[in-house]
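Order of listing sets the numbers, starting from 1, for every ligand and every atom in it. Numbers here simply count residues along the sequence, with the first being 1. None of these values were measured; they are calculated from a predicted model.
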Amino acid sequence: MKQIFVNLLPPLTVAAVLLFWANIPKAWLNAWWLLLVVIFVVLGIVQLLEYFAERHEGWRLNKREFFTDVFYVAFGATAISWLNTTLAETPIVAAKEALGIDTPWITGLPFLVQVAMVIVIFELGQYWMHRLMHNSRWLWGAHAPHHHVTQLNAMKGYVGNPIELFLISLGVIALFDWDKAALFAGISVGSTVAIYAHANVRANPPIWYSFIFTTIRHHSLHHTALSFEDTRCNYGNALILLDRIFGTYREGESSVVGQGERKRLSVPEQWVFPFQPWIDQTKKKRAQSTSPSN
Ligand SMILES: [Zn+2]
Ligand SMILES: [Zn+2]
């Protein structure tokens, strides 16, 4: 595939997603699942692209990686989404009504302005939550399984410990009133950028795109296996611009990703990871109390 075309694929996909939401019949917007369909279609296309425009041979998807990734995509679309709606979105909407927060003026703004607002508000939350996860020992325990992946692929953004997946899904978008098409477009664009930022696709988008949006170059450096300290940069999920503003931007790329000994974690290992220090400590204590004293 011609490199110049591959480089343009991330901005072209973002443009296609924007055009789709800007032009669909209003009645279609009542089907919330359409948002899921759009994200899944993008995910499927980018995952397929890995076969036609591979970035690193070492990241090539095998059966084990594929089924683990598919499991996490399904888990995110069902359990994590339900948890987010129940524990975050519903209480936020109730608080919005109780406090009388009303922002009808937002729906009167141009479509692209609203899309940009959705992305910026959501990404600000993502950026600080992600940065906090690299600064708090307990939160790092929840986020670390995402960094223990030893290769990057389109679906890898969905892989992690459930506590982290829930925390990173939080946002205050529900506090505001949006034109539904703009809201769905903002969420889809953010997801599209984040999918490309984890994908094993040799796309190096134009400077204007990589100045604003996170690319695989930026995000692979965030996943570097070099050391934990070296991962503390390029936190932006979709907006690398936030790293440039808040001073955490670093230039470069990493083809070797992972943490510690670069041991790939199984799903059960990913789920118990935050509790592993306590499990080890309890086991040690039990072993000490049962060992014969002399
Ligand atoms: Zn991280
Ligand atoms: Zn990642």
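In summary, an N, O or S atom of His223 is located under 2.8 Å from the Zn ion (ligand 2). Among the atoms of His222, an N, O or S atom is found under 2.8 Å from the Zn ion (ligand 1). Taking backbone and side-chain atoms together, His198 has an N/O/S atom less than 2.8 Å away from the Zn ion (ligand 2).
The N, O or S atom of His146 with the smallest distance to the Zn ion (ligand 2) is NE2.
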Practice item. Run the numbers on Tyr209 and Val14 for side-chain contact (heavy atoms from CB on, under 4.5 Å), then give the verdict. Key: CA-CA 10 Å; Tyr209 179 97; Val14 166; 4.2 Å; yes
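Once rounded to the nearest 0.5 Å, the distance linking OG of Ser254 with NE2 of His222 reads 11.5 Å.
Between Arg217 and Glu251, at least one side-chain N (NZ, or NE/NH1/NH2) sits under 4.0 Å from a carboxylate O, which counts as a salt bridge.
Using cut-offs of 30° and 60° for the angle between ring planes, the His223 and His146 rings count as perpendicular.
With the Zn ion (ligand 1) as vertex, His143 NE2 and His147 NE2 subtend 90°, rounded to 10°. Angle NE2 (His134) to the Zn ion (ligand 1) to NE2 (His130): 100°, rounded to 10°.
Between His218 and Tyr249, the gap from one ring centroid to the other is short of 6.0 Å.
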